[in-house]
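Hydrogens, waters and symmetry mates are skipped; everything else that's a heavy atom, side chains included, is used. Remember, it's a predicted structure, so these values are computed and weren't measured experimentally.
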Amino acid sequence: MTRQRKLAVDQQNDFFQQNVVQSYAFDVPSLLLGTAMLEAQPVASAPVHLPLKMLNRHGLIAGATGTGKTKTLQVMAERLSAVGVPSLLMDLKGDLSGLAAAGEEKSFITERQRLIGEEYQPTGCPVELLTLTTGKGVKLRATVSEFGPLLFSKMLRLNETQTGIVSIIFKYCDDHRLPLLDLQDFRAVINHLTGPEKQEVEAHYGRLASASVGTILRRLLELEQQKADRFFGERSFDVADLCRTTTDGKGMLSILRLMDIQDKPQLFSTFMLGLLAEIFQTFPEVGDAEQPKLVLFIDEAHLIFDEASDELLSQLESIIKLIRSKGVGIYFCTQKPDDVPEAILSQLGLKVQHAMRAFTARDRKGIKLAAENYPLSDFYQTAEELTSLGIGEALVTGLGPEGRPTPLVRTLLCAPRSRMGVLKKAEQAQLIGQSLLVGKYAEVVNRESAYEMLQGKIQAAAEDTPMTTVPPPLPLDPELSEALGRKPKPRSTRTLKNKTMLEQVLGSSAARQLARTAGREITRGLLGALGIKSSSRS
């Protein structure tokens, strides 16, 4: 390299270093994410930090399989925990439990940290394992009432008419104080409203079309086959338990294990929206705090959006816009930026883009489109950088303390301090055994709800209704019996003696004939008075 060329390179490096330092070195509390790179080489004197106060502005971690997305998520979660910020992590691949154990000191890890300018210190984090289904850990449950008619209908994939019937069911339960806790309650109310009281219910609440009710019951059965009946019920999970810290001030990492829910995207997406809605409703307003109150990391985020309806996406967009004021940050981890709808992508303040693969013409087109999501740079050709990034490297852009976007920088990311792998079964059992929440939520509370109340009502109605007896048949007239070829039974002497003279006279055939004749004459007279001729018999 000539002296002139070397001087030009040094000037460029100095300018680059000054640019990074000005953009990523802050006077406020921040997290070290890695160090900047130029010409594919790390610049140790240009660290890349993320200000804590901007981490409630949400973010995206994207990249092809095997490029280090999960490790980036791991680094951010453990460093948030170290400064007292708890996190909830959606673990769909089962590889995040290693956060609970200290990492292993290896040569390539210590060398990476040396290039970044930080000493490697293996450290585990406080971890709570959660489960939606039958897995081991804290049981996450919610009641049907907490979901509300709209979210519950979206979970069942109902149309507008069917959703209206679900709204009627919720309204009826509110008016009659029938708690809707689990799927058994919901089914019992449907059967009750479409039973004997259907007309009265429709008069007050609206029509319950049989076809729509049948569809709701079938979708309810599908939900039960996805084991969702184990999720609905009590004890309902308190989202405040996601915000716990340890006695030494570390934030608790709650890992929701979802390995058995990947084939149930509708349940997962609706659960996520229900969880976000619960957090938004219950958390107090904190405005722009010095650090987040809670951070959510959603791995394999495309599962939320693939099966979500337009209404569901609209609600999710609204919550993401507003939930930052509650001190909550949301980070989506997925393979391609376009897995996230554009309306939501525009709300994400931090973008960490790992390498993308260009195997097909469609891939190349996707890379070009992804490059346009990032700010222009004086130092990088973004589309080229996206295909040349190594494992554990990423293009990063975020927000400074004043909310201004930071320039794009290629970053050598820090290595996780915790284990880059899963816990062994014995380690998981020990972790669960030490939990303070497992016992709290392991108990299934089956208090009186809609099902029991309606069963009690049906039973009470049955006890109050007198037994109906079939009256004995009237005795046939002797003359009629003879005409029909039946021989009347002789009446007992005792029965005749007990009757009065009037009863015996009225019961005789002569008296009945006289009554019939009198009836005909009266009828004929009435018809004549009305000017109507009657046919006469001789």
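- Here the NZ-CD1 distance, from Lys351 to Ile61, works out to 13.0 Å after rounding to the nearest 0.5 Å.
- Panel note: side chain Tyr441, backbone Gly137; no donor-acceptor pair is recorded below 3.5 Å.
- Within 6.0 Å of CG on Asp27 lie no more than 12 heavy atoms contributed by other residues, nucleotides or ligands.
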Could you check Thr67 against Arg357 for side chain to side chain contact (heavy atoms under 4.5 Å, CB included), going step by step and ending with a plain yes or no? CA-CA 10 Å; Thr67 56; Arg357 306 301 183 210; 3.6 Å; yes
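- One finds the CG atom of Leu276 at 12.0 Å from the OG atom of Ser318 (value rounded to the nearest 0.5 Å).
- Judged by distance alone, with hydrogens and angles left aside, the side-chain atoms of Ser435 form no donor-acceptor pair with the main-chain N or O of Leu431 at under 3.5 Å.
- Judged by distance alone, the side chain of Gln428 and the main-chain N or O of Leu423 form a donor-acceptor pair under 3.5 Å.
- Between Arg57 and Asp288, at least one side-chain nitrogen of the basic residue sits less than 4.0 Å from a carboxylate oxygen of the acidic one, meeting the salt-bridge criterion.
- When every heavy atom of Ala355 is checked against every heavy atom of Leu389, the shortest pair comes out as CB-O, 3.5 Å.
- Of all non-hydrogen atoms in Arg244 and Leu437, the two that sit nearest each other are NH2-CD1, 3.4 Å.
- Residues Val352 and Ala394 come closest through the heavy atom pair CG1-CB, 3.6 Å.
- Here the straight-line distance linking atom SG of Cys173 with atom CD1 of Ile168 works out to 12.0 Å at 0.5 Å rounding.
- Checking each of Lys71, Lys69, Gln335 against His354 for a side chain to side chain contact (heavy atoms under 4.5 Å, CB included) leaves exactly one that passes, namely Lys69.
- Checked against the 6.0 Å centroid criterion, the rings of Phe186 and Phe147 do not qualify as a close aromatic pair.
- Ring planes of Tyr172 and Tyr205: perpendicular class, angle over 60° (limits at 30 and 60°).
- Here the NZ atom belonging to Lys326 is positioned 11.0 Å from the CD1 atom belonging to Ile279, to the nearest 0.5 angstrom.
- For the 3.5 Å distance criterion, the side chains of Glu128 and Ser254 fail to qualify, holding no donor opposite an acceptor.
- The shortest non-hydrogen separation linking Gly98 to Ser418 is O-CB, 3.7 Å.
- The two residues Ser81 and Gly251 come nearest to each other via the heavy atoms OG-O, 2.6 Å.
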Start with the C-alpha distance between Leu55 and Tyr331, add both sets of side-chain angles, then the distance that settles side chain to side chain contact (heavy atoms under 4.5 Å, CB included), and finish with yes or no. CA-CA 9 Å; Leu55 291 182; Tyr331 289 80; 3.3 Å; yes
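- Side chains of Ser153 and Gln162: a donor-acceptor N/O pair is absent below 3.5 angstrom, by distance only.
- Taking CD1 from Ile367 and CZ from Arg364, the interatomic distance works out to 8.5 Å, rounded to the nearest 0.5 Å.
- Counting heavy-atom neighbours within 6.0 Å of Gln199 CD, excluding the residue itself, gives a total of 12 or less.
- Using a distance-only test at 3.5 Å, with no hydrogens or angles considered, no donor-acceptor pair links the side chain of Asn56 to the main chain of Pro292.
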What's the verdict on side chain to side chain donor-acceptor pair (under 3.5 Å) for Glu234 and Thr143, showing C-alpha distance, side-chain angles and the deciding distance? CA-CA 7 Å; Glu234 290 185 317; Thr143 65; over 6 Å; no
What's the verdict on side chain to side chain contact (heavy atoms under 4.5 Å, CB included) for Arg157 and Glu222, showing C-alpha distance, side-chain angles and the deciding distance? CA-CA 11 Å; Arg157 295 177 289 114; Glu222 292 176 9; 2.6 Å; yes
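- No donor-acceptor pair closer than 3.5 Å links the side chain of Glu290 to the backbone N or O of Leu52.
- Judged purely by atom type and a 3.5 angstrom limit, Ser325 has no side-chain atom pairing as donor or acceptor with the backbone of Glu285.
- The two residues Leu386 and Ala370 have their closest heavy-atom pair at CD1-CB, 4.4 Å.
- Side chain of Arg187 to main chain of Gln184: no donor-acceptor pair is present (N/O by atom type, distance under 3.5 Å, no hydrogens or angles).
- With hydrogens and angles disregarded, a donor-acceptor distance shorter than 3.5 Å links the side chain of Gln74 to the backbone of Arg419.
- Side-chain contact of Thr123 with Glu78: a donor-acceptor pair under 3.5 Å is absent, judged by distance alone.
- Taking CD1 from Ile344 and CD1 from Ile320, the interatomic distance works out to 4.0 Å, rounded to the nearest 0.5 Å.
- In this structure, Lys321 pairs ionically with Glu317, as a charged nitrogen and a carboxylate oxygen lie closer than 4.0 Å.
- Distance alone, capped at 3.5 Å, places no donor-acceptor pair between the Asp174 side chain and the Lys171 backbone.
- Side-chain atoms of Thr397 come within 3.5 Å of backbone N or O of Thr406 as a donor-acceptor pair.
- Using a 30° and 60° split on the angle between ring planes, Phe332 and Phe305 fall in the tilted class, from 30° to 60°.
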